Protein chains: 2
Amino acid sequence: MNKKKLTLLGSTGSIGQNTLHIVSAKPELFDIVYLSAGKNADLLIEQAKRFRPKAVAIADESQFLNVENELKSVGIEVLSGREGIYELSERADVDMVVNAIVGVGGLIPSYRAISAGKDIALSNKESLVMAGDLINHLLAEKNAKLFPIDSEHSAVWQCLQGEKPETVRRIILTGSGGPFRELPLEKFSSITPESALKHPTWNMGRKITIDSASLMNKGLEIIEARWLFDLRPEQIDVVIHPQSIIHSMVEFIDGSVKAQLGVPDMKLPIQYALNFPERLPLKWENLDFGKISHLTFEPLDIQKFPAVRLAYETLKRGGTASAILNVVNELAVYAFLDRRIGFTDIPDLVEKALGALPIVDHPTISDVLQTVESGREFFERQIYSKR
Amino acid sequence: MNKKKLTLLGSTGSIGQNTLHIVSAKPELFDIVYLSAGKNADLLIEQAKRFRPKAVAIADESQFLNVENELKSVGIEVLSGREGIYELSERADVDMVVNAIVGVGGLIPSYRAISAGKDIALSNKESLVMAGDLINHLLAEKNAKLFPIDSEHSAVWQCLQGEKPETVRRIILTGSGGPFRELPLEKFSSITPESALKHPTWNMGRKITIDSASLMNKGLEIIEARWLFDLRPEQIDVVIHPQSIIHSMVEFIDGSVKAQLGVPDMKLPIQYALNFPERLPLKWENLDFGKISHLTFEPLDIQKFPAVRLAYETLKRGGTASAILNVVNELAVYAFLDRRIGFTDIPDLVEKALGALPIVDHPTISDVLQTVESGREFFERQIYSKR
């Protein structure tokens with residue numbers, strides 16, 4: 001069997017590191033050909049020395065000389081900056097591009113990889129949130145496949161195996177509810193970055209942890225699911241399930257519901273995407289029903305978490321509305337982490353942007369990129385006016 | 001589309017009646033060609049007048065003239081006795097035989113139907129418990145298919161769709177735990193038929209309700225699963241799940257678990273078996289996660305419920321051991337309902353029989369029938385000696 005050749009974008013983040021764990025556990029199956037990272041040059045250098053890719057890219061140009069100095073001598077090409085990442089994304093001598101970049105910056109790499117006809121394992125949900133329709137058309141045109149790495153979407157995808165798409169009545173995305181599930185709404189204004197970074201069940205990066213606290217992550221997942229599984233917004237439901245054991249569910253037209261369960265560990269959805277349709281006999285921690293005494297469910301509190309309502313609204317509006325939501329949310333999350341705005345300002349700014357910015361129907365990729373720029377400008381004006 | 005022509009054996013029982021509900025709801029899909037019942041002549045007559053089969057059979061010969069008197073005038077042939085049921089089972093002008101007979105009496109009808117090359121939807125788990133290996137060989141020889149109607153096995157079967165059999169690590173059968181889940185062991189000797197007939201979640205016939213109270217039903221399901229899904233005994237686990245919402249689960253080699261969930265209603269597994277591989281858009285009650293606040297799990301208490309241990313032991317022993325367990329259990333259940341023995345005598349008698357009776361390896365169908373007779377004789381001797 002030939003090894004599957006991989007480009008791994010975002011190798012130093014949580015998903016990137018877990019992907020390399022899997023590659024290490026199954027060296028007979030996978031070969032790392034390219035790696036990219038944002039800023040963490042030290043870890044990228046270490047990974048490159050271990051996995052020996054042909055080339056790496058570091059987004060942070062100030063780190064280029066450092067990385068090149070370490071890797072050139074061992075015969076590894078080093079690229080840098082956004083353009084370096086984009087170039088790696090479309091190199092053709094791989095079988096699959098794993099896009100584990102966090103945020104808006106993952107869109108162009110997804111687009112370039114698919115344009116080059118590569119299959120893509122997508123952790124960067126923002127690609128589909130911002131340009132789902134465009135990406136679906138591109139996948140069809142290039143006859144490329146896209147496999148989700150998100151645990152919820154992997155669960156839905158697993159539950160859909162062997163089932164006909166037209167028999168799906170709805171999907172039910174589960175969410176832990178985040179650290180503020182039980183906090184009264186009147187205390188939301190005093191939420192600090194420290195408290196928001198404590199996620200009850202999943203160990204993730206900072207951006208997605210804040211999105212999980214605001215439930216914007218669930219909103220982004222709703223939008224992602226719409227494009228991944230070709231569903232109408234009303235076919236996508238959310239239920240709060242604090243234990244994060246049921247990763248999501250599908251209800252069929254006969255009332256039967258299938259669920260996928262597992263320990264909260266991203267290695268499972270990663271390896272499922274890397275090796276689909278084969279399941280890998282890897283031994284991470286397994287579910288133990290002797291330890292799981294109970295699983296609970298509760299409705300989402302839309303008053304406390306307006307992000308989910310905003311996500312549905314952008315889906316119904318269509319065009320670049322979801323892209324606006326995504327870019328303004330991302331900027332707001334980092335502003336919150338920098339203590340420039342409060343926690344409840346995050347959805348407020350998104351809602352303001354959706355009311356203020358032009359929405360382009362049937363956007364091209366340029367329209368989406370223009371939306372990113374408009375979103376940034378809008379955000380900066382808002383922050384400036386706040387001071 | 002041609003209607004699927006059905007023989008329904010055991011039409012007046014709980015599964016039989018639910019099957020006719022589905023046929024009524026989808027008359028464009030199904031046609032009832034033959035019906036059989038045990039003793040309930042009035043209901044059989046009513047069903048026959050409504051569904052207009054070519055023929056019916058009534059096992060209780062004393063009711064033959066009554067049934068014939070009512071149905072002959074409307075052109076419906078009437079058969080009676082065991083032989084009448086057997087004859088209907090193998091009539092060739094149908095597409096599928098639904099075997100909803102309860103207990104040992106369902107074995108020969110299954111065997112005859114498959115021998116005639118018919119696909120079979122099997123609610124009579126005793127067929128597989130008593131002669132699983134034989135039936136599997138016969139299915140292969142006749143190129144016939146067997147679809148389970150048990151909710152647990154339907155759940156496993158649904159979870160296996162689109163998955164490769166070799167990727168199954170284990171299955172996890174769920175059980176409500178029955179009405180005596182929380183009763184201390186020392187009170188088991190005072191259990192009455194009335195208290196045992198109150199099942200917390202499922203509405204079923206008397207025999208299966210008592211089996212659910214002793215957890216012998218779970219034992220029979222373990223044996224059934226071994227033959228349905230070609231599993232080793234150690235690949236079959238049981239977990240107590242009192243709400244009966246998760247109907248069973250499959251764990252794969254990568255640690256991913258799939259579960260099938262639904263309201264506790266046998267119409268779902270029946271319609272899935274009747275119309276596989278198509279799901280029918282029938283609107284029974286659906287799961288509502290607004291109402292399901294929590295799902296709980298606990299280990300099985302093997303001290304209180306030795307039936308499950310006995311089932312595993314017969315699987316490991318092989319041959320006619322499971323047939324002995326089944327026949328003696330069945331007799332013991334009816335003796336308990338008649339207040340001739342106590343609740344804890346049920347597994348005790350099964351265990352005694354397994355120690356006392358000869359076990360035939362690689363049995364023929366005659367060997368299995370001989371085992372039924374030996375089991376009856378053993379049981380009668382035991383009961384006689386108890387008086």
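All chains are named by letter (A, B, ...) in the order of the sequence lines, taking the proteins before the strands, and each is independently numbered beginning at 1. Given the structure is predicted, the values throughout are model-derived calculations rather than measurements.
When the shell of 6.0 Å around NZ of A:Lys5 is examined, it contains 12 or fewer heavy atoms from other residues, nucleotides or ligands. Counting non-hydrogen atoms of neighbouring residues, nucleotides and ligands closer than 6.0 angstrom, the CG atom of B:Asn143 reaches no more than 12 such neighbours. Other residues, nucleotides and ligands place no more than 12 heavy atoms under 6.0 Å from the CD atom of B:Gln303.
Expressed to the nearest 0.5 Å, how far CD1 of B:Ile172 lies from CG of A:Leu287 amounts to 7.5 Å. Taken from CD1 in B:Ile245 to CZ in A:Phe297, the straight-line distance is 9.5 Å, to the nearest 0.5 Å. The CZ atom of B:Phe289 sits 9.5 Å away from the OG1 atom of A:Thr174 when rounded to the nearest 0.5 Å. With rounding to the nearest 0.5 Å, the separation of NZ in A:Lys258 from CE in B:Met249 is 15.0 Å. Considering CD of A:Gln161 and CD of B:Glu163, their distance stands at 6.5 Å, rounded to 0.5 Å.
Neither the backbone nor the side chain of B:Pro299 comes within contact range of chain A; no heavy atoms are under 4.5 Å apart. Contact annotation for B:Leu280: only backbone heavy atoms (N, CA, C, O) come within less than 4.5 Å of a heavy atom of chain A. A:Lys267 does not touch chain B: none of its heavy atoms, backbone or side chain, sits under 4.5 Å away. Interface remark: B:Gln158 contributes backbone and side-chain atoms alike to the contact with chain A (heavy atom separation under 4.5 Å). Heavy atoms of B:Glu166 lying under 4.5 Å from chain A are absent altogether.
Comparing B:Val239, B:Ile292, B:Thr167 by heavy-atom pairs within less than 4.5 Å of chain A, the highest count is held by B:Ile292. With chain A as the partner, the residue from B:Pro281, B:Ser256, B:Gly255, B:Gly262 showing the most heavy-atom pairs under 4.5 Å is B:Ser256. When A:Asp265, A:Leu160, A:Asp254 are compared by the number of non-hydrogen pairs under 4.5 Å with chain B, A:Asp254 comes out ahead. For chain A, the option among B:Cys159, B:Ala259, B:Gly162 with the highest count of heavy-atom pairs below 4.5 Å is B:Ala259.
Side-chain contact between B:Gln260 and A:Val257 is absent, with no heavy-atom pair separated by less than 4.5 Å. Residues A:Leu295 and B:His294 are not in side-chain contact: their nearest non-hydrogen atoms beyond the backbone lie 4.5 Å or more apart.
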Legend entry - Intermediate values then yes/no, side chain to side chain contact (heavy atoms under 4.5 Å, CB included), B:Glu251 and A:Asn286: CA-CA 9 Å; B:Glu251 183 181 81; A:Asn286 290 325; 4.2 Å; yes
Legend entry - Full working for side chain to side chain contact (heavy atoms under 4.5 Å, CB included) between A:Arg279 and B:Lys164: CA-CA 9 Å; A:Arg279 288 186 182 271; B:Lys164 296 180 182 171; over 6 Å; no
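Counting only N and O atoms by type, the side chains of B:Ser293 and A:Glu298 include no donor and acceptor under 3.5 Å apart.
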